[in-house]
Amino acid sequence: VTVVEFQDRALTTVDKEFGLAVGDELRAHGVELRTGVQVEAIERQDESLLIRGSGGFSAASDLVIVVVGVRPSTELAETARVSLGARGAVHVTRAMETGVPDIYAAGDCVETYHRVLGRDVYLPLGTTAHRQGRVAGENAVGGQALFAGSTGTQVVKVFDLIVARTGLLGSEASRHDYDPLTHELETWDHKVYYPGARRLRIRLTGDKSTGRMLGAQLLGHASSEVSKRIDVCATALFHAMTVDDLNLLDLSYTPPLSSPWDPIQMAAQAWVAAWRG
Ligand SMILES: Cc1cc2nc3c(=O)[nH]c(=O)nc-3n(C[C@H](O)[C@H](O)[C@H](O)COP(=O)(O)OP(=O)(O)OC[C@H]3O[C@@H](n4cnc5c(N)ncnc54)[C@H](O)[C@@H]3O)c2cc1C
């Protein structure tokens, strides 16, 4: 398998430090990762396909999977004269109403209210589609539901590695009037005296002027409860907590699974120490 990537690393939805680690995981499992290559042509050649790209890249393959991003499909909605919003997605209120009476919309075709940014963005996810769909359905039959908003929580498994994020990356926060500080802590996922402990990397982003939590990224082994931990961070973001507030949470502990201070609390303490200098 060869992954051809236009950018300088795999998984550009997380910080470079984690994208590079994902690249290492791919290569460790025999995947060839070619970064900085723009695919320019896919041509049929005898029984196989010839892929050509920038910098003289060339490879033959039986099968090509093209994965180059997501665009809202709005043609049908536009025939009803709905208005469009963020990134050309259908503009909806938090009741999932389009501008046209009795037409509700949800999912990959609509813009999404981002709870940390307090504005609409394009953020197509299955989780979001389900929540928006429930609101749209309830309101279509006379309800009064409102979409609570997304914090962009997502998780992916790459062989034995889990990578997850919620909220904003530092680079995104800077573009939206925040003054972000991102701090990374690497620690054990559970008590090291108990067999099977693995290294877990946690990057927390908070606002330097208020201490408010803005985002979190986690990278660890499939056994390291990464998705549980990102979900704790997502809950903190939902309630606009500060990074330091993570230390107030009563999180579960037993040596095979965690520590009395959960790793995300250790990361919160490290972030606060870096913030206070
Ligand atoms: C490979 C892959 C993996 C993913 N993994 C995740 C994940 O792990 N977690 C996550 O949160 N999200 C994931 N997603 C995203 C998630 O699948 C989408 O956000 C979600 O399915 C969007 O739901 P939807 O109902 O808006 O659109 P869809 O699920 O695309 O449903 C739209 C439906 O409308 C039908 N349709 C289109 N036009 C018409 C028409 N004119 N008339 C009638 N029917 C029509 C289509 O055939 C389709 O069935 C993944 C997406 C992909 C592609």
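What you see below is based on every heavy atom in this structure, not just the backbone, and it leaves out hydrogens, waters and symmetry mates. Indexing begins at 1, ligand by ligand and atom by atom, following the structure's order.
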**Asked** Is there at least one protein heavy-atom neighbour under 4.0 Å from atom 42 (N) of ligand 1?
**Response** no
**Request:** For H239 and M241, indicate whether the former's side chain and the latter's backbone hold a donor-acceptor pair under 3.5 Å.
**Result:** no
**Item:** Residue G107 vicinity, atoms of ligand 1 by number, heavy atom under 4.0 Å
**Value:** 26 (O)
**Item:** Nearest non-hydrogen protein atom, atom 8 (O) of ligand 1
**Value:** V155 O, 4.8 Å
**Prompt:** Looking at atom 35 (C) of ligand 1, would you say a protein heavy atom lies below 4.0 Å from it?
**Reply:** no
**Prompt:** Does the side chain of T166 come under 3.5 Å of the side chain of T151 through a donor N or O and an acceptor N or O?
**Reply:** yes
**Asked** Any protein heavy atom under 4.0 Å from atom 53 (C) of ligand 1?
**Response** no
**Prompt:** Hey, is atom 10 (C) of ligand 1 under 4.0 Å from any protein heavy atom?
**Reply:** yes
**Message:** If I apply the N/O under 3.5 Å rule, does C109 come out as touching ligand 1?
**Reply:** no
**Prompt:** Would you say the side-chain atoms of D207 pair up with the backbone N or O of D179, donor to acceptor, closer than 3.5 Å?
**Reply:** yes
**Asked** What's the shortest distance from atom 40 (C) of ligand 1 to any protein heavy atom, and which residue and atom give it?
**Response** L76 CD2, 4.5 Å
**Asked** To which protein heavy atom is atom 30 (O) of ligand 1 closest, and what is the distance rounded to 0.1 Å?
**Response** D108 OD2, 4.7 Å
**Message:** Given L200, which partner from the list R229, H190, H221, M266 fulfils the side-chain contact (heavy atoms from CB on, under 4.5 Å) test?
**Reply:** R229
**Prompt:** Atom CD of E17 and atom OG1 of T182: how far apart are they, to the nearest 0.5 Å?
**Reply:** 9.0 Å
**Asked** Is R94 positioned over the aromatic face of Y113, cation under 6.0 angstrom from the ring centre and no more than 45 degrees off axis?
**Response** yes
**Request:** Would you verify that at least one protein heavy atom lies under 4.0 Å from atom 16 (C) of ligand 1, or report that none does?
**Result:** yes
**Asked** Any non-hydrogen protein atom below 4.0 Å of atom 45 (C) of ligand 1?
**Response** no
**Message:** Between Q144 and N139, is there a side-chain donor-acceptor contact under 3.5 Å, judged purely by atom types and distance?
**Reply:** no
**Item:** Closest protein heavy atom to atom 25 (O) of ligand 1, given as residue, atom name and distance to 0.1 Å
**Value:** A129 CB, 4.7 Å
**Asked** What is the distance from atom CD1 of I230 to atom CD1 of I264, rounded to the nearest 0.5 Å?
**Response** 8.5 Å
**Nearest-contact summary for atom 12 (N) of ligand 1 - protein heavy atom, Å** = G126 N, 2.9 Å
**Request:** Indicate yes or no for a side-chain donor-acceptor contact from E78 to the backbone of V90 under 3.5 Å, with no hydrogens or angles considered.
**Result:** no
**Asked** Does atom 19 (O) of ligand 1 have a protein non-hydrogen atom under 4.0 Å from it?
**Response** yes
